[in-house]
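Letters A, B, ... are given to chains in the order of the sequence lines, protein chains preceding strands, and every chain is numbered from 1.
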2 protein chains.
Amino acid sequence: MHTYTEENYLKAIYKLSEHSEEEVTTNAIAELLETKSSSVSDMLRKLAEKDLIHYTKYRGVTLTEAGRQVAVRIIRKHRLWEVFLVEKLGLGWEEVHPMAEELEHIDFERLIERLDAFMGYPKRDPHGDPIPSASGEVEMPRSCKLSEMNLATPLLVTGISNHTTAFLQYLDKLDLGLGTKLVIDEIMPFDRSMLVTINQGKQLHLSHEVAKNILAVVSESQR
Amino acid sequence: MHTYTEENYLKAIYKLSEHSEEEVTTNAIAELLETKSSSVSDMLRKLAEKDLIHYTKYRGVTLTEAGRQVAVRIIRKHRLWEVFLVEKLGLGWEEVHPMAEELEHIDFERLIERLDAFMGYPKRDPHGDPIPSASGEVEMPRSCKLSEMNLATPLLVTGISNHTTAFLQYLDKLDLGLGTKLVIDEIMPFDRSMLVTINQGKQLHLSHEVAKNILAVVSESQR
DNA sequence: CTATAAATTTAGACAGGTCTAAAAATAAGT
DNA sequence: ACTTATTTTTAGACCTGTCTAAATTTATAG
Ligand SMILES: [Mn+2]
Ligand SMILES: [Mn+2]
Ligand SMILES: [Mn+2]
Ligand SMILES: [Mn+2]
């Protein structure tokens with residue numbers, strides 16, 4: 001249908017516009033895709049030609065409905081494969097992302113549908129991200145960055161917004177993962193690092209950078 | 001490592017040299033890959049440059065050991081994925097080949113190894129083809145074409161050498177698959193079609209073209 | 001051995017994608 | 001408003017892989 005490259009551009013634009021209403025910039029895409037902005041400019045022209053994006057030169061881009069459908073479908077496949085790799089093949093959540101980056105481009109309706117069924121129609125991937133439905137709906141979870149939450153409130157870790165191997169391995173070492181209960185005990189003003197207690201036990205010291213990449217909700221159990 | 005295209009050429013050369021000692025010709029590759037012979041010539045020059053094939057202009061090609069390793073590894077992945085698609089996802093043997101054509105290019109050592117383990121280290125794919133080992137050994141099954149076997153001998157179907165959807169669906173309709181026991185009752189001299197009895201029951205009429213693509217061995221039970 | 005046919009390779013063009021360097025447009029600073 | 005800095009786009013080149021048409025080599029048939 002589309003080339004792998006086109007798909008990667010559409011996915012990048014989707015991810016960059018996911019959490020804000022602003023137009024996506026050429027440089028932002030170049031940085032995410034580790035390519036040059038001149039290459040991005042070129043590709044934007046082509047994608048606009050195919051009506052996959054709205055593009056005004058020098059002004060940035062947004063996805064058209066057609067472009068959004070393509071992007072969401074890729075993300076659906078990416079996350080379904082990640083569930084498979086972790087749940088069925090027993091691979092670690094820190095190593096599956098690069099594999100899913102390639103598997104996501106394979107496009108057979110029956111394969112996706114069967115994979116979904118085999119996994120029991122999962123709602124979230126191993127990093128806590130929502131799996132878009134076959135019709136392209138994405139449930140936007142209302143979790144917040146740990147770095148923006150309040151002291152002394154029972155919290156539940158529901159997502160990780162940095163999928164690099166290094167970061168996920170670090171969380172493993174800390175014994176911190178999806179479903180971990182935690183309370184912020186103290187926030188250091190000078191570097192915004194924090195002390196937290198996990199699962200009513202061990203106390204950890206998390207840098208602001210780490211806390212920014214952990215998503216949490218206020219724990220149900222206290223309501 | 002290599003591009004998908006290079007991999008497809010190496011696989012094609014492997015398949016064409018699998019059952020004969022002769023050099024593989026440019027035209028044979030072009031036909032298998034549904035491309036033009038001028039494109040093949042070009043690619044052969046590049047593959048020889050990378051020492052993946054032995055190539056003498058106008059004389060045909062053979063794989064080097066390095067080239068063979070690449071080809072066999074692709075085939076290993078192709079067949080492992082086919083087992084997964086049929087055994088775990090419940091897809092039909094007639095529809096998995098195009099999917100495996102794409103999955104075979106995804107190359108992560110740990111993924112292959114885990115997939116192999118998940119499937120219980122299968123020896124054959126859903127079409128009866130042997131799955132190469134991780135170290136590149138391929139057990140060459142000594143089955144023969146049904147079209148070349150003798151009358152009145154108990155036979156066992158062990159492989160299918162045509163993976164097209166149309167052919168496999170036809171076999172499904174005939175109730176003929178891997179593991180089917182059969183005896184050749186009669187061979188019509190004028191068109192070499194044959195009457196066979198399967199599983200000691202139904203009698204079928206198979207064209208020579210069909211019989212050529214069914215692989216069988218003399219059934220153990222009679223020895 | 002020579003003429004023709006078949007197979008193969010080369011030449012030249014093109015499409016998709018990337019890069020560097022240069023030009024153009026927009027944003028920022030005073 | 002004017003000048004400078006930043007962002008973005010264009011120009012020109014290159015790489016991979018494909019094609020058609022033409023040239024070359026090898027095979028086949030008298
Ligand atoms: Mn991922
Ligand atoms: Mn994920
Ligand atoms: Mn196959
Ligand atoms: Mn097969």
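If you measure from atom CZ of A:R45 to atom P of C:dG16, you get 10 Å, rounded to the nearest angstrom. Residue A:E6 contributes atom CD, which lies 11 Å from atom C1' of C:dG17 at whole-angstrom precision. A:L33 has its CG atom 18 Å from the P atom of C:dG16, to the nearest Å. Remark: P of C:dT9 and CG of B:L47 are 13 Å apart, rounded to the nearest angstrom. Computed from coordinates, the B:E31 CD to C:dA6 C1' distance equals 15 Å when rounded to whole Å. Whole-Å rounding puts the B:E22 CD to C:dA7 P distance at 15 Å. A straight line from CD1 of A:I29 to P of D:dT8 spans 9 Å, rounded to a whole angstrom. Separating the NE2 atom of B:H2 from the P atom of D:dT16 is a distance of 13 Å, rounded to the nearest angstrom.
Considering only side-chain N and O atoms, A:N27 lies under 4.0 angstrom from the phosphate OP1 or OP2 of D:dT8. Distances shorter than 4.0 Å separate some side-chain N or O of B:Y55 from OP1 or OP2 on C:dT9. Contact check, B:T3 against D:dG17: a side-chain N or O comes under 4.0 Å of OP1 or OP2.
At a threshold of 4.0 angstrom between heavy atoms, the contacts of A:T26 are confined to the sugar-phosphate backbone, with no base atom among them.
No donor-acceptor pair closer than 3.5 Å links the side chain of B:H97 to the backbone N or O of B:T165. A:R114 places a side-chain N or O within 3.5 Å of a backbone atom of B:L89 that can act as its donor or acceptor partner. Without hydrogens or angle criteria, B:S20 side chain to B:S17 main chain gives no donor-acceptor distance under 3.5 Å.
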Pick out the pairs of N or O atoms, protein on one side and nucleotides 18-21 of chain D on the other, that lie under 3.5 Å.
from	atom 1	to	atom 2	distance (Å)
D:dT18	OP2	B:Y9	OH	3.2
D:dC19	OP2	B:T35	OG1	2.7
D:dC19	OP2	B:K36	N	3.1
D:dC19	OP2	B:S39	OG	2.8
D:dT20	O4	B:S38	OG	3.0

Tabulate protein N/O versus nucleotide N/O from nucleotides 26-28 of chain C, keeping only pairs under 3.5 Å, one per line.
from	atom 1	to	atom 2	distance (Å)
C:dT26	O3'	A:R59	NH2	2.9
C:dA27	OP1	A:R59	NH2	2.9
C:dA27	OP2	A:R59	NH2	3.4

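The closest side-chain donor-acceptor pair between B:S193 and B:D191 falls under 3.5 angstrom. Between the side chains of B:H105 and B:N8, at least one donor N or O lies within less than 3.5 Å of an accepting N or O.
Electrostatic pairing of A:E104 and A:K11 counts as a salt bridge here, judged by a charged N lying under 4.0 Å from a carboxylate O. For A:R124 and A:E139, the salt-bridge test passes: some basic side-chain N is under 4.0 Å from an acidic carboxylate O.
In this structure, B:K88 fails the cation-pi test against A:F118, since its NZ or CZ atom is not both closer than 6.0 Å to the six-membered ring centre and inside 45 degrees of the ring normal.
In the displayed structure, B:R192 atom CZ is contacted under 6.0 Å by at most 12 heavy atoms of other residues, nucleotides or ligands.
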